[in-house]
K.L.:
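Structure below; questions to follow.
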Amino acid sequence: MEYQFRSIEKKWQDHWKATGAYRVSNSSSRPKYYVLDMFPYPSGAGLHVGHPLGYIASDIFSRYKRLQGFNVLHPMGYDAFGLPAEQYALEHGIHPAKSTAQNITTFRAQLDNIGFCYDWQREVRTCDPSYYRFTQWIFLQLFGSFYNRKIGKAESIELLKQAFASEGNINHVCPANENCRFSAAEWNSYPEKQQEDILMDYRLAYCGWGEVNWCEALGTVLANDEVVNGVSERGGHPVIKKTLRQWYLRITEYADRLLEGLDTIDFSEAMREMQTNWIGKSYGAEISFSLVNGDKQLSEILTVYTTRPDTIFGVDFMVVAPEHPIIDALTSEECKASVEDYLTYVKSRSDRERQAEKKISGCFTGGYALHPFTGRKIPVWIAEYVLMGYGTGAIMGVPCGDDRDHRFAQHFTIPITNIIGAAYDGAVANPTKDALLENSDFLNGMVMREAMAVMTQRIEELGIGRRKVNYKMRDASFSRQRYWGEPFPIRWDNGIARPLSEKELPLLLPEVEKYEPGPEGEGPLANIPEWVGEGLETNTMPGYAGSSWYFLRYMDPHNTQEFCSRSASDYWNQVDLYIGGTEHAVGHLLYSRFWTKVLFDLGQIGFQEPFRKLLNQGMIQGSSRFMYRLLLTRGERKDDHFSSDVMVSAGWKQGYEAGNISVQEILKEVAALRPDLVNEEQMKLTEGLIFQAIHVDVNIVDGLELDLSRIVQWRNGEYAQSIWLLDQGKYICGAEVEKMSKSKFNTVNPDQLVEKYGADTFRMYEMFLGPVDQSKPWDTKGIEGVHRFLKKLWRLFDDEQKGWMVEAAEPNAAEWKVLHKAIKKIADDTERFSFNTAVSTFMIAVNELNDLHCHKKAILEPFLILLTPYAPHISEELWSRLGHTDSILDAAYPAFEAKYVQESAKEYPISINGKVRANLLISLDATEEEVKEIVLQQEVIQKWMEGKPLKKFIFVKGRMINLVV
RNA sequence: GCCCUGGUGGUGGAAUUGGUAGACACGCAGGACUUAAAAUCCUGUUCGCCGCAACGCGAGUGCGGGUUCAACUCCCGCCUGGGGCACCA
């Protein structure tokens with residue numbers, strides 16, 4: 001009988017569900033293995049073929065590990081809080097909990113279709129009170145802790161209080177304010193409010209002030225991507241920076257440990273680099289300069305941060321950020337107007353724009369800094385490329401050694417001092433550290449690299465600066481002015497943040513009437529009198545709160561006492577394989593690494609890196625299809641003369657653009673179709689054509705050919721009246737690779753493909769598409785090939801005409817060889833996540849078995865086990881037809897035996913001067929001397945050597961032979 | 001601007017450590033079976049040249065250099081597609 005995938009897949013999915021085949025226990029004699037997919041947000045748009053790529057990869061690997069005898073944890077759940085549901089609620093008045101639950105149902109049905117081996121009993125949802133109760137609890141741990149720099153780990157804030165009471169803060173520098181110093185006596189004399197304010201400066205979760213994108217017209221705070229060119233994306237209203245009270249996590253205290261931890265985990269080099277750059281540790285110095293405005297010496301000083309203190313004698317100007325507080329005092333009378341203009345200009349610019357701007361902009365303040373060694377007056381400028389948040393918000397400009405400084409100096413014709421002699425050519429900056437210093441007073445003749453330490457020491461001796469380690473990373477903003485997130489378990493009491501007791505958790509998200517923001521940029525919770533009346537915090541937590549620890553909850557999802565029992569986390573330990581996209585390179589991955597370290601420090605778990613190995617999946621791009629609307633031009637005018645649309649097939653467009661087809665020819669074609677539309681005069685007046693590309697739904701295009709019967713119904717018949725100018729009876733679309741998205745009509749729904757070809761085909765095709773970690777465009781056409789492969793495999797067992805084919809005979813050497821080659825290659829490929837080559841290996845093996853007419857059980861049975869991770873349904877079906885009553889899911893993975901694949905001879909390619917000229921079968925036992933002799937005897941070789949003497953004979957055993965003449 | 005990542009036939013891709021470039025599949029072309037279609041099977045398919053064909057020759061992995069007996073693979077300099085960003089010092 002033929003391969004009936006629909007009934008087979010339904011049958012086994014039901015069976016596996018009924019038998020609880022994917023249930024995982026927290027105790028087992030088998031070794032554990034934990035495979036995790038990145039937490040999905042259940043969006044309303046549903047899955048497209050790009051989403052399951054990583055899930056299929058992780059599913060294959062989980063099943064593979066299970067066959068190898070591991071107890072495999074492979075859970076799934078939902079990162080269910082988030083902005084889209086809230087936006088939806090605002091627009092449609094539907095409670096986010098309701099729409100989210102709906103989305104999850106759809107999501108789940110789509111996942112089930114594909115036949116994943118998730119243990120659904122372990123599902124978690126971050127918006128579920130039984131889950132966020134522990135998110136709140138972990139927040140309280142962060143709130144109740146500080147980072148003890150002395151021992152390099154987090155500790156209870158109670159220990160800090162005791163220390164303050166007995167010794168002041170002498171042993172605990174305040175991370176928020178290094179100048180804060182007090183004795184035990186002082187501490188004990190402080191009123192409670194002041195003590196609490198100080199403690200807040202130490203807590204790992206703390207309240208501070210921060211800037212947000214405030215849009216007055218919308219009355220709300222906007223995310224960065226909702227702001228475009230300084231105005232709101234929706235409506236184009238102005239957006240300004242507004243300072244609000246915000247919660248933060250003191251992740252900066254963990255910068256070094258997050259950096260060091262990277263060496264202990266198996267992340268790609270690229271990923272580690274991205275995190276390293278994000279943390280951005282640099283070594284340098286802070287140097288202070290005194291300032292003058294005109295003749296007046298200012299009391300303020302200007303502190304700059306530099307990684308190159310050795311270049312201080314090359315300073316030709318200073319640049320401060322436009323937000324720098326010194327600007328007021330420093331700006332001279334003459335410069336006031338231009339400075340104000342410049343500051344106004346900068347206010348309209350986002351940080352991103354300021355960074356990306358290629359055009360040099362800046363403004364002189366009129367004030368000067370005094371060089372600490374030479375006393376030279378150095379002009380102080382303002383420029384948008386310097387940002388207030390990093391370092392001190394001020395830099396020293398050294399044009400000869402820094403490219404940007406150099407361009408700045410040239411642009412504003414600031415004279416350039418050369419401190420590196422010939423190493424600087426006067427045209428471009430040279431950022432070397434190895435040049436010898438000149439014009440540098442006591443550093444003259446020194447190599448720059450060495451001068452750095454000398455200079456740092458000198459400025460420390462003089463008390464005008466100090467060595468300083470800087471991080472680009474800053475504390476993580478941890479509050480949102482939103483409704484659909486975890487409420488903070490915090491009650492405000494006369495300006496003091498009081499944590500709720502554990503017994504009061506979960507602090508439930510209250511019901512609201514509407515989801516509009518509260519007054520003055522506060523969140524919707526500020527609209528609830530009872531909530532505000534109790535002094536409860538009106539911010540909610542951001543999306544990454546729930547996703548920073550979810551991998552722990554899967555280990556013990558139903559625990560009502562703890563976030564996760566120690567025995568469960570000790571058993572499952574780290575995630576062995578984590579699969580997800582690079583978009584989480586820094587955000588999510590860094591935060592969850594941070595939370596894990598804190599929980600480790602506090603003794604809650606026994607490991608400090610959450611993910612042992614990370615595999616990044618590439619993005620599946622859409623392959624968009626276009627139809628072309630014809631527009632006529634006359635001079636500058638662009639006109640649509642036609643009362644209804646004329647859609648031109650791609651061939652005409654290409655012909656016109658290549659200059660092979662004239663305007664008149666195309667118009668004549670149109671006139672032939674609809675004489676009423678084009679008249680003589682129009683044809684005369686038309687000078688050119690424009691082909692307006694319109695996205696057309698890829699699902700009504702076969703390859704490039706548009707299905708004309710369906711296009712007329714598309715979008716409620718929007719194109720029903722269109723006129724179609726065809727190429728040889730067909731409408732051919734244009735194509736382009738773009739991001740897969742609904743708006744581009746290039747999404748392909750996995751449900752339809754599963755319906756048409758089955759889950760096994762779909763799974764294998766997603767893998768066959770290319771390396772899992774690379775981005776690639778989707779093309780539905782190729783799926784046929786994979787489907788044919790499964791049918792071919794099926795026919796090895798059961799032929800439509802000939803019936804059941806499997807026989808018990810002992811396989812011959814060729815058959816054994818096919819099997820064992822496949823075992824080796826498929827296990828290796830699966831192990832290194834090269835799923836695409838594994839799929840081709842399956843195809844090659846089936847092709848070969850087919851050629852050998854092999855239907856032997858001893859070959860086919862182990863082959864099915866190999867296939868199980870990739871195509872579980874068909875494998876289980878054929879397995880049961882072979883007579884097994886147990887499930888193939890727990891079969892033993894076949895062992896590779898080298899004896900079956902050993903070769904005695906090899907067909908060597910023989911090159912002369914690197915060009916292959918012959919192939920020769922030579923025994924693998926032959927020594928180099930023997931090989932040389934055999935090769936040189938060959939007539940073909942002699943011919944190619946043309947009698948020239950042999951210079952070199954290269955023999956790589958088992959690979960190739962090269963003769964150099 | 002910065003960071004990351006790609007670029008190989010008509011298409012997706014293979015080549016795991018520098019060792020026969022184009023596996024496997026799609027598409028396309030031709031053929032078999034069929035009343036016909038579907039399904040299936042067979043043959044061919046990097047480009048150019050000579051040729052009936054076999055065989056053969058030349059070129060070829062984004063571009064330009066380099067290292068090497070040998071480069072898709074390593075080095076230098078460019079071009080270009082994709083993705084990300086909070087803060088370049």
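Naming convention: chains lettered A, B, ... in sequence-line order (proteins, then strands); numbering from 1 in each chain. No experiment lies behind these values; they were computed from the predicted model shown.
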K.L.:
Provide the distance between the two C1' atoms, one in B:rC55 and one in B:rU61, to the nearest whole Å.
P.N.:
27 Å

K.L.:
Under 4.0 Å, heavy atoms only, any strand: does A:I954 hit a base, just the sugar-phosphate, or nothing?
P.N.:
base

K.L.:
Expressed as a whole number of angstroms, how long is the span from A:N847:CG to B:rC24:C1'?
P.N.:
8 Å

K.L.:
Assess A:K791 against A:Y3: is NZ or CZ under 6.0 Å from the centre of the six-membered ring, and within 45 degrees of the ring's axis?
P.N.:
no

K.L.:
Would you kindly give the CD1-to-P distance between A:I826 and B:rA23, to the nearest whole Å?
P.N.:
19 Å

K.L.:
Would you measure the distance from the P atom in B:rG7 across to the matching atom in B:rG12 and give it in whole Å?
P.N.:
11 Å

K.L.:
Reckon A:K776 has a side-chain N or O less than 4.0 Å from the OP1 or OP2 of B:rG13?
P.N.:
no

K.L.:
Provide, to the nearest angstrom, the distance between the CZ atom belonging to A:F768 and the C1' atom belonging to B:rA23.
P.N.:
10 Å

K.L.:
Expressed as a whole number of angstroms, how long is the span from A:Y305:OH to B:rC87:P?
P.N.:
17 Å

K.L.:
Is any side-chain N or O of A:K825 under 3.5 Å from a base N or O of B:rU16, one able to act as donor and the other as acceptor?
P.N.:
yes

K.L.:
Strictly by Watson-Crick or wobble contacts shorter than 3.5 Å, is anything paired with B:rA29, and which nucleotide is it?
P.N.:
B:rU43

K.L.:
Between B:rU40, B:rC3, B:rC87, which one does the side chain of A:M274 approach most closely?
P.N.:
B:rC3

K.L.:
Work out how far the P atom of B:rU43 is from that of B:rC26, and round it to whole angstrom.
P.N.:
14 Å

K.L.:
Which base, if any, makes a Watson-Crick or G-U wobble pair with B:rG81, both distances under 3.5 Å?
P.N.:
B:rU5

K.L.:
Mind checking the C1' distance from B:rU46 to B:rG27? Whole angstroms is fine.
P.N.:
15 Å

K.L.:
Within a reach of under 6.0 Å around NZ of A:K824, are more than 12 heavy atoms found that belong to other residues, nucleotides or ligands?
P.N.:
no

K.L.:
Ignoring backbone atoms, establish whether A:R788 has a side-chain N or O less than 4.0 Å from OP1 or OP2 of B:rC26.
P.N.:
yes

K.L.:
In whole angstroms, how far is the P atom of B:rU11 from the OH atom of A:Y765?
P.N.:
15 Å

K.L.:
Expressed as a whole number of angstroms, how long is the span from A:L590:CG to B:rG84:C1'?
P.N.:
15 Å

K.L.:
Aromatic rings A:W778 and A:Y765: how do their planes relate, parallel, tilted or perpendicular, breaks at 30° and 60°?
P.N.:
perpendicular

K.L.:
Measure the distance from CG on A:D779 to P on B:rC28 and round it to the nearest whole Å.
P.N.:
12 Å

K.L.:
Taking atom P of B:rU20 as reference, at what distance in whole Å does atom CG of A:L963 sit?
P.N.:
16 Å

